[in-house]
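Numbers restart at 1 for each chain; the letters A, B, ... are given by sequence-line order, proteins then strands.
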Amino acid sequence: MNYNFNEIEAKWQKYWADNQTFKASNTSEKPKYYVLDMFPYPSGAGLHVGHPLGYIASDIYARYKRHKGFNVLHPQGYDSFGLPAEQYAIQTGQHPAVTTENNIKRYREQLDKIGFSFDWSREVRTSNPEYYKWTQWIFIQLFESWYDHEQDKSRAISELEEIFSSEGNKKVKAACDDDVEDFTAEAWNAFSSEEKQKNLLKYRLTYLAETEVNWCPQLGTVLANDEIVNGVSERGGYPVVRKKMTQWSMRISAFAERLLQDLNKLDWTESLKESQRNWIGKSVGAMVEFPILSFPEGEEKAKSEKAPPSGAGGIRVFTTRPDTIFGVTFMTLAPEHELVKKIMTPEQKEEVEAYIAASAKRSERERMADVKSITGVFTGAYAEHPFTKEPVPIWIGDYVLAGYGTGAVMAVPCGDQRDYDFAKHFDLPIINIFENADISEEAFSGKEGTVIANSDFLSGLKYKEALQKAILELEKLGLGYGKTNYRLRDAVFSRQRYWGEPFPVYYVNGMPQMIAKEHLPLKLPEVEKYLPTETGEPPLGNSVDWAWDTKNNEVVANSETDHETIFPLELNTMPGWAGSSWYLFRYMDPHNEEVFVSKEAQQYWENVDLYIGGSEHATGHLLYSRFWTKFLKDRGYLSVEEPFKKLINQGMILGESAFAFKVTDIFIKCDEIGLSHPFKLEVPVCISDDYIEENSKEDFVLKELLISNIEDKKIINILSEVSLSVIEVKYIETFPARIDVNYIDSHNNLKLNEFKESQFYKSFFGKASFYSLDETFKVSREVEKMSKSKYNVVNPDDICENYGADTLRMYEMFLGPLEQAKPWNTAGITGVHNFLKKLWKLYHSTPSPSEGGENSFSVSDEPASKDSLKTLHKTIKKVAEDIENFSFNTSVSTFMICVNELSAQNCNQREVLEPLTVLIAPYAPHIAEEFWSKLGNSGSVVTAEYPVYEEKFLVESTKNYPISFNGKMRFTMELPLDMSKEEIEKTVLEDERSKSYLSEAPPKKVIVVPGKIVNIVV
RNA sequence: GCUCGAGUGGCGGAAUUGGUAGACGCGCUGGAUUCAAAAUCCAGUUUCUUCGGAAGUGCGGGUUCGAUUCCCGCCUCGAGUACCA
């Protein structure tokens, strides 16, 4: 009987499902282990071979841990709210819930074929009301909480109210909005309940704030930053305007320091931690206030002496280098800075306003892209230096960003390159305040070891001392204080979309009210269309039933809002990261209707031991999830501070795109080509750089080759460095070159007949008439991201069908290190497939050709040979080590070596093959189950114990020593391992081969490392 | 620009408390089997070579008996981030 993988795999997949083999229990004597994959968004395109890579790795690890005696939680689910389903709904009118359901079905079928050991009884879907009920509940908890910086934790808002009513808000060190005003206990108690609510909102961990969104009037929708290209919408190219909207925000910035510090506790890659550190962007420095010296006529005179740091009488700046304060020669404000219009002098008014208008026109992106050109305008106003009391000119310049710090900087040209460039450009003074620093060419940015000079009381001090001293002196003057700044902004939590979690919020007189827990979930309403309303409100505004009746606690028609118990509901929905920020905990207790996770379940499973997923979530999902975990921990709902202990980012599997082309020689005569005169060849062709041949007689370089798509025609632009030359362009592809990889065979030939039958051919070439397919075509390949639009997608279903899931699993691992990006090449899969066939043969007898007939299962109970046991134990050792190190590619190699050796030894003994079955089970579970049952075991191989490595089988008595001369290995010698250094040296030197390398002279030195190497220096 | 990572055969890759560079697989070449093909099996496959050998892990130095591995300086590619004061 041959290796019939289709039959075997279907059989065991059914067995696992029927027997609930992978169902995890929340109570067990065994130690727990939680392995989690980042759950997928079920897209309409289905899975390609790149998607399961991480799932296979985590599945191998989960199965391995089960063999090692752990109670393993290995669940899977769907991040099923999201944009694509909504966009599809806008186009087709199909309800996102329907398309999502269909997509999930397809995903499940595909996943099941690969043989994962998921506990599907714990499946979660973020778009499921039973699930998002708890997402809404967490939102309410955030609303009911504030952040106490004193205790460094989130606390109940009721505790804050108590503090306010007993001592006011002066002593409270809370994370809050910038505009809170001080009030006493008496004042608080005198507040109306509405005033109280207004003030509390400024402290809540989720709060309403005016924030800007990208609004596209033509599309009638809000766009994300990456949907905007050069200031216009990516789709359609319509203008986008910044529009202020009241939106929910999350006070994640309150957690900045903890999110930063706790990174040190995590077993994540350094690069990932680094990008979170950068994202949090901590900088330690000082807030300094420069009093304004002169307002223009008619305005109030500057209050230079007594202006408090928070007052409006000065310009507040944040600096990380207060030690360089004596180097300040000017100040720069962002053009948007609110003080600009107040302080500019009448003489400068025109110029300043023109500059503001000009920079407002430039998009953020433009401003950032254009780093080189230096622009700015003098406002005419001056500030007073806190120490020297000298006037400091105030400029505006768009190198200062309104969104960071205070939107203003104290310019120290000797110490900051941007200030330096600005000063040089506008001929502003530069004072050198560093000892022994040359600032004639560029700014000096050294810190450690720098000695400050020319700086009054800071002169002679080192960087660190000067820093402290400067802050101290500023504090004395009341013009500054030490301050730590974070780049991390509060996260906008509202989306003007349909397919997301509705907020459990209704509004009474404009103040938000939470719907009580017992009335959750607040389900998404039906709408007729998924676009914003004509008045520009979010899609939920299209619903006729979207108001809350506080009397019956139910959703009612919004036409009835004039009734005194009926109030409008929030129209926004939550962002994609809401549901994914806490899903790991729901898997622990997925069907609990009372709490989002029971204390017992959470305390048993704690948090995720191993998390595998893509690195694209480095600063989104992974940061938000840490934030919510910390919050829920603070409020006593969780016992852990972090969601994911260990994290591995799997690398992307790339596709090998195929380009088919017909070879035609075309000569283009270019008489006048200059850089300013791109040559245009207006024929529908494609060309790639590789196929350009230069005319060697002319000394020219092909500078650049541009291909642009204009009205479905490919236009070649050739830019040459010299103006007079003849370019010979060969090998022009005479039709759009991208070909679906599935029509290319392993020898890079176009499968012409199949290709002509394909939908791909018909849609692309059906109407074209300028080429003939019957001629010879060439195929070139290029490695790119795997994507439907590049026609390089390989479907795992096809691989399972043709080679089996076990082959797919092992091949994906064999491709290369898990964390590395690597190209997929279906041609290479035969190596792994042949290995499994060889493995199959080990367990089956091979009848001699004369006998004929089928192979049959034949494993002997005789004792195995010494060599076979050695091979087995070598393999146990290496494979176990490799799994622990997530080096799955090398463990597949090890299996291959093992099977090659056992085949050569004609090994068919149970003593070896039974442990081998368990060893390979995590990688190729179906074939392992088949062997396991044929070996006479009942039940699944999953329950088998992992084989134990025994040193004794590997003990050697001799070593094949490499003998090197000057470090170069020349030959080897088999010598006993217990031979002494001296004996080894003597034996080696006496060898004939050594003598030929030594010529006449004796060796200068002989290094003998017993058990390793002999090196002779000549 | 900054941060992180990586450069090894035709290709994917292996080897790091410094100790036989190229494991394993693909591809390729030759052979066996076959009417033939597929499948399978065997042998070879870093480069150069006067067939004795010699060189070789992006480049240039250094440390060492010995460097893919450690140190210094560069180059290239990839990922992330971007005027962060």
Side-chain angles (χ1 to χ4, degrees), chain A residues 2 269-275 277-279 281-283 285 288 317-321 324 331-332 334 367-372 374 397-401 403-412 415-419 421-422 485-487 615-616 618-619 649 651-652 656 746-748 781 783 810-811 814-817 819-835 837-838 841 846 849 887 889-900 960-972 996 1003-1009 1011-1018:
Chain A
N2 290 322
T269 58
E270 207 39 53
S271 71
L272 207 129
K273 290 195 208 176
E274 197 58 33
S275 47
R277 283 189 197 112
N278 289 339
W279 194 259
K282 179 179 183 176
S283 38
V288 186
V317 298
F318 174 75
T319 176
T320 54
R321 298 292 302 271
T324 64
M331 308 196 66
T332 316
R367 259 171 76 170
M368 287 192 290
D370 184 16
V371 184
K372 276 173 200 154
I374 296 161
D398 67 5
Y399 79 96
V400 177
L401 303 177
Y404 184 77
T406 61
V409 299
M410 57 175 227
V412 183
D416 183 284
Q417 193 57 42
R418 290 157 304 170
D419 296 342
D421 294 340
F422 196 84
N485 217 29
Y486 297 91
R487 198 186 82 112
S615 57
E616 67 273 19
T619 47
N649 293 127
M652 210 190 308
E656 274 202 316
S746 57
H747 296 274
N748 271 350
R781 315 212 76 163
V783 173
M810 292 197 93
Y811 186 54
F814 186 63
L815 281 176
E819 304 192 48
Q820 190 177 305
K822 56 235 165 218
W824 175 270
N825 175 13
T826 305
I829 205 167
T830 53
V832 171
H833 191 60
N834 283 342
F835 155 76
K837 285 201 224 166
K838 269 193 203 167
K841 279 189 191 164
T846 321
S887 176
N889 54 327
T890 51
S891 50
V892 176
S893 303
T894 307
F895 281 124
M896 289 173 169
I897 294 167
C898 171
V899 167
N900 287 345
N960 195 20
Y961 277 94
I963 312 300
S964 41
F965 290 80
N966 292 338
K968 273 267 166 217
M969 203 282 287
R970 296 305 177 189
F971 59 91
T972 59
S996 68
K1004 280 186 191 146
K1005 201 172 178 185
V1006 179
I1007 289 105
V1008 178
V1009 185
K1012 285 227 162 144
I1013 200 174
V1014 177
N1015 189 23
I1016 298 158
V1017 188
V1018 290

Gap in Å between the two P atoms, one belonging to B/C26 and one to B/G19, rounded: 29 Å

Distance test, side-chain N/O of A/Asn900 to OP1/OP2 of B/A23, below 4.0 Å: no

Using the C1' atoms only, state how far B/G12 lies from B/G22, rounded to an integer number of Å. 13 Å

side-chain contact (heavy atoms from CB on, under 4.5 Å) with A/Asp421: which residues, sequence neighbours excluded? A/Ile374, A/Gln417

In whole Å, what separates the P atom of B/U16 from that of B/U68? 14 Å

Glycosidic conformation of B/G12, syn or anti, with 90° from 0 as the boundary? anti

Does A/Arg418 have a side-chain nitrogen or oxygen under 4.0 Å from the phosphate oxygens OP1 or OP2 of B/C84? yes

Below the 4.0 Å mark, does B/C84 have OP1 or OP2 next to a side-chain nitrogen or oxygen of A/Asn485? no

Excluding sequence neighbours, so at least two apart, what forms salt bridge (Lys or Arg N to Asp or Glu O under 4.0 Å) with A/Glu274? A/Arg277

Starting at atom CE of A/Met896, determine the distance to atom C1' of B/G13, rounded to an integer number of angstrom. 12 Å

The nucleotide from B/G25, B/A14, B/U20 with an atom nearest the side chain of A/Met969 is B/U20

Please identify each residue that fulfils side-chain hydrogen bond (donor to acceptor under 3.5 Å, both in side chains) with A/Thr319, with sequence neighbours left out. none

Between B/C70 and B/A82, how many Å separate the two C1' atoms, rounded to a whole number? 33 Å

Separation of A/Tyr404 atom OH from B/U81 atom C1', in whole Å? 14 Å

So which nucleotide from B/A82, B/U3, B/C24 ends up closest to the side chain of A/Arg487? B/A82

d(CZ, A/Arg277; C1', B/U3) in whole Å: 11 Å

From the list B/A85, B/A21, B/A23, which nucleotide is the closest neighbour of the side chain of A/Leu401? B/A85

When the C1' atoms of B/U8 and B/A55 are compared, how many Å lie between them, rounded to an integer? 15 Å

P atoms of B/G25 and B/A6, separation to the nearest Å: 27 Å

What distance, rounded to whole Å, do you find between the two P atoms, one in B/G7 and one in B/C11? 15 Å

If you compare all heavy atoms of A/Thr406 against all heavy atoms of A/Val317, which two are closest, and at what distance to 0.1 Å? OG1-CA, 3.4 Å

Round to the nearest Å and state the distance from A/His833 atom NE2 to B/C26 atom P. 12 Å

Please give me the minimum heavy-atom distance between A/Met969 and A/Pro962, naming the atom from each residue. CG-CB, 3.6 Å

Taking distance alone, no hydrogens or angles, what donor-acceptor pairs closer than 3.5 Å link side-chain atoms of residues 890-900 of chain A to residues at least two apart or in another chain?
unit_1   : atom_1 : unit_2   : atom_2 : d
A/Thr890 : OG1    : A/Asp882 : OD1    : 3.4
A/Thr890 : OG1    : A/Asp882 : OD2    : 3.1
A/Thr890 : OG1    : A/Ser887 : O      : 3.0
A/Thr890 : OG1    : A/Ser887 : OG     : 2.5
A/Ser891 : OG     : A/Phe888 : O      : 2.8
A/Ser891 : OG     : A/Tyr923 : OH     : 2.6
A/Ser893 : OG     : A/Asn889 : O      : 3.4
A/Thr894 : OG1    : A/Thr890 : O      : 2.8
A/Asn900 : OD1    : A/Lys838 : NZ     : 2.8
A/Asn900 : ND2    : A/Met896 : O      : 3.4

Closest to the 5' end of RNA chain B, once A/Leu815 and A/Val1014 are matched to their nearest nucleotides, is A/Leu815

Rounded distance in Å - CE (A/Met810) to P (B/C26): 14 Å

Taking only residues two or more places apart in sequence or in another chain, which ones pass side-chain hydrogen bond (donor to acceptor under 3.5 Å, both in side chains) with A/Ser964? A/Asn1015

Report the residue (A/Lys822 or A/Gly405) whose heavy-atom-nearest nucleotide on RNA chain B is the more 5′ of the two. A/Lys822

Nearest to the side chain of A/Ser271 - B/C26, B/C4, B/A85? B/C4

Based on the glycosidic angle (syn within 90° of 0, else anti), state the conformation of B/G18. anti

Whole-Å distance separating the CZ atom of A/Phe895 from the P atom of B/G25: 15 Å

Between A/Gln820 and B/A6, is there a side-chain N or O to OP1/OP2 distance below 4.0 Å? no

Give the B/S/- string for nucleotides 36-67 of chain B, one per nucleotide from 5' to 3', where a protein heavy atom under 4.0 Å of the base yields B, of only the sugar-phosphate yields S, and otherwise -. ---SSS------------S-B--------BS-

With sequence neighbours left out, write down each residue that passes side-chain hydrogen bond (donor to acceptor under 3.5 Å, both in side chains) with A/Thr332, or none if nothing qualifies. A/Tyr399

Can you measure A/Asn278 atom CG to B/G5 atom P for me and round it to whole angstrom units? 13 Å

Write down the atom of A/Phe965, the atom of A/Arg970, and the distance for their closest heavy-atom approach. CD1-CG, 3.6 Å

When Watson-Crick pairs (N1 to N3 and N6-O4 or O6-N4) and G-U wobble pairs (N1-O2 and O6-N3) count only below 3.5 Å on both distances, what is the dot-bracket string of RNA chain B, with | for other-strand pairs? (((((((..(((......[....)))((((((.......))))))(((....)))..(((((..]....))))))))))))....

Looking at residues at least two apart in the chain, or sitting in another chain, which of them share a side-chain contact (heavy atoms from CB on, under 4.5 Å) with A/Asn966? A/Val1017, A/Val1018

Taking all atoms of both residues into account, what is the closest heavy-atom pair of A/Thr320 and A/Ser283, and its distance? CG2-CB, 3.7 Å

Is the A/Trp824-A/Tyr811 ring centre distance short of 6.0 angstrom? yes

Which nucleotide in B/U3, B/A15, B/A85 has an atom nearest any side-chain atom of A/Thr890: B/A15

Just the rounded figure in Å: distance from C1' of B/A85 to CG of A/Asp398. 15 Å

Between B/G58 and B/A54 - C1' atom distance, rounded Å: 22 Å

Residue-phosphate contact under 4.0 Å: A/Ser283 side-chain N/O, B/A85 OP1/OP2: yes

